[in-house]
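Labels below follow one simple rule: chain letters A, B, ... track the order of the sequence lines, proteins then strands, and each chain is numbered from 1.
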Protein chains: 4
Amino acid sequence: MSPSKEQEIVAVAARLFKEKGYRATTLEDIAAAVGMLKGSLYYYIRSKEELLYLVVRDPIRQAYTRLEEIVASQAPVATKIAQAITNHMTLFHRHYPHIAVYLHDFPHLMHKLQQSVRETPKQYQRLWTTLLAQGVASGELRRDLDVKIAAYAILGMCNWVYRWYDPRGKLSAEEIAALFTRMILEGVLRPRPASPPAASEAVP
Amino acid sequence: MSPSKEQEIVAVAARLFKEKGYRATTLEDIAAAVGMLKGSLYYYIRSKEELLYLVVRDPIRQAYTRLEEIVASQAPVATKIAQAITNHMTLFHRHYPHIAVYLHDFPHLMHKLQQSVRETPKQYQRLWTTLLAQGVASGELRRDLDVKIAAYAILGMCNWVYRWYDPRGKLSAEEIAALFTRMILEGVLRPRPASPPAASEAVP
Amino acid sequence: MSPSKEQEIVAVAARLFKEKGYRATTLEDIAAAVGMLKGSLYYYIRSKEELLYLVVRDPIRQAYTRLEEIVASQAPVATKIAQAITNHMTLFHRHYPHIAVYLHDFPHLMHKLQQSVRETPKQYQRLWTTLLAQGVASGELRRDLDVKIAAYAILGMCNWVYRWYDPRGKLSAEEIAALFTRMILEGVLRPRPASPPAASEAVP
Amino acid sequence: MSPSKEQEIVAVAARLFKEKGYRATTLEDIAAAVGMLKGSLYYYIRSKEELLYLVVRDPIRQAYTRLEEIVASQAPVATKIAQAITNHMTLFHRHYPHIAVYLHDFPHLMHKLQQSVRETPKQYQRLWTTLLAQGVASGELRRDLDVKIAAYAILGMCNWVYRWYDPRGKLSAEEIAALFTRMILEGVLRPRPASPPAASEAVP
DNA sequence: TATGAATGAGCTTTCATTCAT
DNA sequence: AATGAATGAAAGCTCATTCAT
């Protein structure tokens, strides 16, 4: 029942990579946190690089797979957006440090990871673009929406959470997802009372 | 006319720090890019850390100062939000790699920088929170808006730009700012025509 | 039975520091003398500075402690002087290069050592001054003796030994101590037979 | 009238070598103290090593020459010892930092200096040994005096002064010389009143 | 006379990695 | 399953020295 030593090493590595960054974390740091000597780690892992891979692999696979399902599903686009954002936040809830490591260090370690990790941020962004394009096509979203920029905007909003998310914070991942979804769909402006009076409406 | 050697070194360092990360960039890398030997750099700088400081100092000072002005100014909140976002994007336009280095590496290098750099992301976020709170108080923004989370959302959107911004890209910083502003204010949903008049609604 | 590697490193460092000076001795020199690579030393020590500390710590502690005992003891001052000098010479016998390093490099490395080494040459000299003052007070030493200068003189005599002492030399530390003691107590002049009685003066 | 720039450089170097040690003193330190840039020093000197040579050359020549004269002169040995010690102290008075540099750094820099500086501590000690041997032979000094060890003792006493001498101190070099001379000749013990009268002797 | 800029060798230190036990 | 010891490459930094101007 207790997690295997290997799992423990990966978990500890995820936490330390998140706290100090991949390069600033030494194998000695990790070994000490696990309670062994750095040389002993090599009984479980082949290299520091592999450890990074083990840290990020599963969470990002899950994220991509679920987003693909959502995009492919039949549902109003607003619903799908809500689901996609919830999916994103749930990742933080479940795999916090891992996903943070992925988000932070991927650009600089791409060359090290890309042989073993196929899911790139680029692809994730394409899925979002597709989702938004569905909404524009169906008329649910604004005609003039620049879907690519909108995808970048939403991704930024959601990814940046890795900087301030606190697994033990006041707001749950679901609550954050709900607030974000509403912001994305409706914006922050107070809706102007419906037009009825008409007339002067055209003047901004 | 040509920039001083020191400025060149700082510019090169900014670029390389952005490309490979602060820790992964060696002084030898920087020296080679400038066309000298690593030891020679120390004629211009005192340490790698100081170089980091020189890279980020000015841009972030500008950003904070301008945002403070905007928040303190008299104008509709929607206008101020637009200005703040434009301010943010203009930074990318003017100091791209520098600001990217700041956004990426600050959390892990805080302890190195905080003696010399007072402006923290935390403070920047507080300014945004204040700005949004002004809008809620004045009735321009939704009553139920969680201003703190909204600030995080907007910041995420704007900061994340450092990951994909291309100074030579199709969209200018101002254009991105305009698209972001609209998204934040109104969201992505197609506005439903005011209900009462009904009738023609179905026609897109 | 063989001394631990750490002890060997400290011993080798003491010898090389003595031969070439602390600053002129490189960790590569030390590592080579021990039969390893310079990086490997860091498995045993934290820094070159710590190595210096390990070299000098014990010997000087012993020296101070023993001198304090002697000064505090009850015995004729001439005896105590003899003991103090013997103590001093015995240090050379037992910890030759270590004590030489301390005597030679302390003034310039004080700032590095003083956090961890409390015993200063100044304090040692004060103990000697006290000892001589005891002798003046008791009438065993000359009334007009400048005890401070005399302490400096004795210390100079004894410390300078680090420059020419040879652990395998003809004279043992005890023999040197005895010769020094006699010089200090009685000087080098041939004692003039007490003048008054005259007569028998010629007979030594 | 004003000392030439070269003389100023040598004087400054002597002071800094004394304060921080030869190796720890950088040419930049020296240049800054003189008010120029380090590269500019090379207009006056050929190398750091030569600077060391310039610092110590004259003082030690004077010391050796004068000691040779004293040893060769006709006078009671006690007088000659007094003169030799006064000579030694006068050096501190006239060339304080220079002589301190020589005394401190010579052993480790011998190989660098010995091509240009012929006067070695060894030779100086031989002169002293000769002087003492003259006294033993003439019966002025104790028959059983170990002249070599006594020479070492006297040299230690006199050389060590470089560690505490203060050109602006209370005691002049001549006064220190007088105190040292008396110590060396007669020791520190209170002379016992000539034996015959006896009786009250035991009561201090 | 002196500067400013650069060199290059060498320093202390770090760290992922190896491997016999 | 883990240790202890060592490696070796590379990092940041220092500094005596050079030289065109």
Quiz item: Hey, is the side chain of Tyr42(B) poking within less than 4.0 Å of OP1 or OP2 on dT14(F), counting only N and O atoms?
Solution: no

Separation of atom [atom1] in [X] from atom [atom2] in [N], rounded to whole Å:
| X | N | atom1 | atom2 | value |
| --- | --- | --- | --- | --- |
| Ile45(C) | dA5(F) | CD1 | C1' | 15 Å |
| Glu50(C) | dT14(E) | CD | P | 12 Å |
| Ile9(B) | dA5(E) | CD1 | P | 10 Å |
| Tyr44(B) | dG12(F) | OH | P | 19 Å |
| Leu51(B) | dA11(F) | CG | P | 16 Å |
| Arg23(C) | dC15(F) | CZ | C1' | 11 Å |
| Tyr43(B) | dT18(F) | OH | P | 18 Å |
| Asp29(D) | dT14(F) | CG | P | 12 Å |

Quiz item: What is the minimum heavy-atom distance between Tyr96(D) and Tyr165(D), and which atoms define it?
Solution: OH-O, 3.4 Å

Quiz item: Do Lys48(C)'s NZ or CZ and the ring of Tyr42(C) fall within the cation-pi criteria of under 6.0 Å and 45°?
Solution: no

Quiz item: In this structure, are over 12 heavy atoms from other groups packed under 6.0 Å from Glu28(C) atom CD?
Solution: no

Quiz item: Above 12 or not: heavy atoms from other molecules or residues under 6.0 Å from CD of Glu19(D)?
Solution: yes

Candidate nucleotides [options], ranked by approach to the side chain of [X] - the nearest:
| X | options | answer |
| --- | --- | --- |
| Lys38(B) | dA5(E), dA16(E), dG12(F) | dG12(F) |
| Ser40(B) | dA6(E), dA10(F), dG8(F) | dA6(E) |
| Thr26(A) | dA11(F), dT1(E), dC15(E) | dC15(E) |
| Leu37(D) | dG12(F), dG4(E), dA16(E) | dG4(E) |
| Leu27(D) | dA16(F), dG4(F), dG12(F) | dA16(F) |

Quiz prompt | Residue whose nearest DNA chain F nucleotide is more 5′ - Leu41(C) or Ser47(D) | solution = Leu41(C)

Practice problem: Select from Gly35(C) and Lys48(B) the residue whose nearest nucleotide in DNA chain F is closer to the 5' end of that strand. | Solution: Gly35(C)

Quiz item: Between CZ of Arg57(D) and CD of Glu119(D), what distance do you get to the nearest 0.5 Å?
Solution: 10.5 Å

Quiz item: Which base sits across from dA20(F) as a Watson-Crick or G-U pair, both distances under 3.5 Å?
Solution: dT3(E)

Practice problem: Name the nucleic acid region contacted by Lys5(B), choosing base, sugar-phosphate or nothing; use a 4.0 angstrom heavy-atom cut-off, strictly under. | Solution: sugar-phosphate

